[in-house]
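Numbers for residues simply follow the sequence, beginning at 1.
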Amino acid sequence: MTKYSPLTRKMSNEVRISQRKFIAIVIIVVILLIYTLTRSSSCDSKEFTINNNQQQSQSLDNKPIIYAITPTYARPVQKAELTRLSHVFRLVPNLFWVIVEDADETSALVRNLVNRAMLSQRCVLLNAKTPTNFKLSKRDPHWSKPRGVEQRNEALKWIRKKIKHEPGHSIVYFMDDDNSYSTELFEEMSKIERMRVGVWPVGLVGAMKVEKPIVENDKVVGFNSVWRPERPFPIDMAGFAISSDLFEANPSAQFNYEVEKGYQESEILRQVTTREKLQPIASNQILVWHTRTEASKMDNEIKLGKKGLPPSDEGMII
Ligand code: UGA
Ligand code: MN
């Protein structure tokens, strides 16, 4: 018969308690492991958001500012277009918005929109009215006169002054208010080198699925456009961005009314670069689409007016 001294009993109790503790710890560890694995595979998990934010604020410092120039004019779809764009801006911290209204003065609508989107620190509101002889009338086909000339030139004046006081690498992009932009486009655009122009594919333009630069060994060797391929740069405004130092190096570079239809892009590009110097970017992806919003029908709104009734949006916040 084995005799237990009080000491041996105490020791074996301690061993039994440790075993139970050990099993409990293993169970907790396994549960935690399963929890962590399932959480990190989900896109909307907290971990993902936190990591993502950390990544953004780290890379913000070494990313160039992108000055996005948006000409815009009053029409029923304007607020819808600018709302879509403002949400892109909220997701891309290195974007700075240069909005130029085609009007005699800036409007409450645009001011309020920018403030509500909390973008006032990353935005400037300008205005420049298109001269009457160049303004499209209701009956003119949309392509019959150049659009955005006055506004983009006003923005370039503002940017030239701004970069004089704030040296460093930055980029200028002509961002029309009606296109559709992926946030990834701005990641790619941030790779544009000093003194260079970046070019990339644009979807739904030129009566094709995509118009794109043809790239071989990281060089642009041509373009696939079918409409006026003889243009010096047969690409859409949405398909390129310019390192801002090229505007300092070419102080008179600007848009011009006196060019053929569809030559606005070639006009600005020929003043700052050559085909050989173009920097191809995201060559096999479509990250921007030249969408065009259908003008909304207003027949019944007009009927209200004729009957002396107030407009349907009376009392709505602008
Ligand atoms: C195409 C290009 O994508 C434009 O960048 C280019 O300016 C235009 O052709 C051209 O060749 O002039 P498209 O879709 O036909 O564009 O032009 P819109 O989107 O109607 O206008 C371009 C920009 O100018 C828009 O941001 C628009 O809001 C603005 N705009 C248009 C004005 O500020 N005032 C106007 O009277 C018309
Ligand atoms: Mn457009």
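Counting only N and O atoms by type, the side chains of Thr72 and Asp177 include a donor and acceptor under 3.5 Å apart. Between the side chains of Ser283 and Trp200, no donor-acceptor pair is found at a separation under 3.5 Å.
The existence of a salt bridge linking Arg152 and Asp176 is confirmed by a sub-4.0 Å separation between a basic side-chain nitrogen and an acidic carboxylate oxygen. For the pair Lys219 and Glu216, the salt-bridge criterion is not met [side-chain N within less than 4.0 Å of a carboxylate O]. A salt bridge does not link Asp140 to Lys135: none of the charged side-chain nitrogens sits closer than 4.0 Å to a carboxylate oxygen. For Glu230 and Arg228, the salt-bridge test passes: some basic side-chain N is under 4.0 Å from an acidic carboxylate O.
A cation-pi arrangement is absent between Arg231 and Phe233, since the terminal nitrogen or guanidinium carbon is not both under 6.0 Å from the aromatic centre and inside a 45° cone about the axis. The cationic atom of Lys162 (NZ for Lys, CZ for Arg) lies less than 6.0 Å from the six-membered ring centre of Phe96 and within 45° of the ring axis.
Remark: side-chain polar atoms of Ser225 are paired, donor with acceptor, to backbone N or O of Pro234 under 3.5 angstrom. Side-chain N or O atoms of Asp102 include one that pairs as donor or acceptor with a backbone N or O of Thr130 at under 3.5 Å. At least one donor-acceptor pair under 3.5 Å links the side chain of Arg196 to the backbone N or O of Leu278. Although no hydrogens or angles enter the test, the distance criterion places no donor-acceptor pair under 3.5 Å between the side chain of Arg116 and the main chain of Val114. Using a distance-only test at 3.5 Å, with no hydrogens or angles considered, a donor-acceptor pair links the side chain of Gln151 to the main chain of Ala128. Remark: side-chain polar atoms of His142 are not paired, donor with acceptor, to backbone N or O of Arg147 under 3.5 angstrom. The closest donor-acceptor contact from the side chain of Arg122 to the backbone of Phe89 lies under 3.5 Å. With hydrogens and angles disregarded, no donor-acceptor distance shorter than 3.5 Å links the side chain of Arg275 to the backbone of Gly222. Checked by atom type and distance alone, the side chain of Tyr173 pairs as donor or acceptor with a backbone atom of Ala238 at under 3.5 Å. In this structure, Asn94 contributes its side chain and Pro64 its backbone to a donor-acceptor pair below 3.5 Å.
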Item to complete: Could you please spell out the steps behind the side-chain contact (heavy atoms from CB on, under 4.5 Å) verdict for Trp227 and Val205?
Response: CA-CA 10 Å; Trp227 186 76; Val205 71; over 6 Å; no
Practice prompt. Output, in order, the C-alpha distance, side-chain angles, deciding distance and verdict of side-chain contact (heavy atoms from CB on, under 4.5 Å) for Ser244 and Ile171.
Written response: CA-CA 5 Å; Ser244 68; Ile171 287 159; over 6 Å; no
Worksheet item: Where do Met237 and Met175 land on the side-chain contact (heavy atoms from CB on, under 4.5 Å) test, with the steps shown first?
Response: CA-CA 8 Å; Met237 202 70 77; Met175 187 183 192; over 6 Å; no
Discussion item. Please evaluate residues Met195 and Leu246 with respect to the criterion side-chain contact (heavy atoms from CB on, under 4.5 Å), reporting the C-alpha separation (whole Å), side-chain torsions for both, the decisive distance (0.1 Å), and the verdict.
Written reply: CA-CA 5 Å; Met195 298 297 274; Leu246 285 171; 4.1 Å; yes
Practice prompt. Could you walk me through whether Ser266 and Glu260 pass the side chain to side chain donor-acceptor pair (under 3.5 Å) test, one step at a time?
Written response: CA-CA 10 Å; Ser266 292; Glu260 266 187 82; over 6 Å; no
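Atom OG1 of Thr183 sits about 11.0 Å away from atom CD of Glu188, to the nearest 0.5 Å. Note: Glu154 CD to Gln254 CD = 10.5 Å, rounded to the nearest 0.5 Å. To the nearest 0.5 Å, the span separating CG on Asn127 from OG1 on Thr106 amounts to 6.0 Å. In this structure, CG in Asp245 is found 10.0 Å from CG in Asn250, a value given to the nearest 0.5 Å. Atom NE2 of His169 is separated from atom CG of Asn62 by 11.5 Å, given to the nearest 0.5 angstrom. Of the inter-residue distances, the one linking Ser144 atom OG with Arg139 atom CZ reads 11.5 Å to the nearest 0.5 angstrom.
Put simply, the side chain of Ile235 reaches to within 4.5 Å of the side chain of Val199, judged on heavy atoms. Side-chain contact between Lys129 and Glu101 is absent, with no heavy atoms from C-beta onward closer than 4.5 Å. In this structure, the side chains of Leu82 and Trp97 come closer than 4.5 Å at one or more pairs of heavy atoms. Put simply, the side chain of Val197 does not reach to within 4.5 Å of the side chain of Ser243, judged on heavy atoms. In this structure, Leu269 and Ile242 have side chains that are in contact, with non-hydrogen atoms separated by less than 4.5 Å. Residues Leu304 and Pro310 are not in side-chain contact: their nearest non-hydrogen atoms beyond the backbone lie 4.5 Å or more apart.
Considering every non-hydrogen atom in both Pro311 and Glu301, the closest pair reads CA-OE2, 3.3 Å. Between Ala253 and Ile268, the shortest heavy-atom distance links the atoms C-CD1, 4.1 Å. Closest of all the heavy-atom pairs between Pro201 and Val210 is CB-CG2, 3.6 Å.
Using cut-offs of 30° and 60° on the angle between ring planes, the pair Tyr67 and Trp158 is perpendicular.
Here Phe255 and Phe174 bring their ring centres to under 6.0 angstrom of each other.
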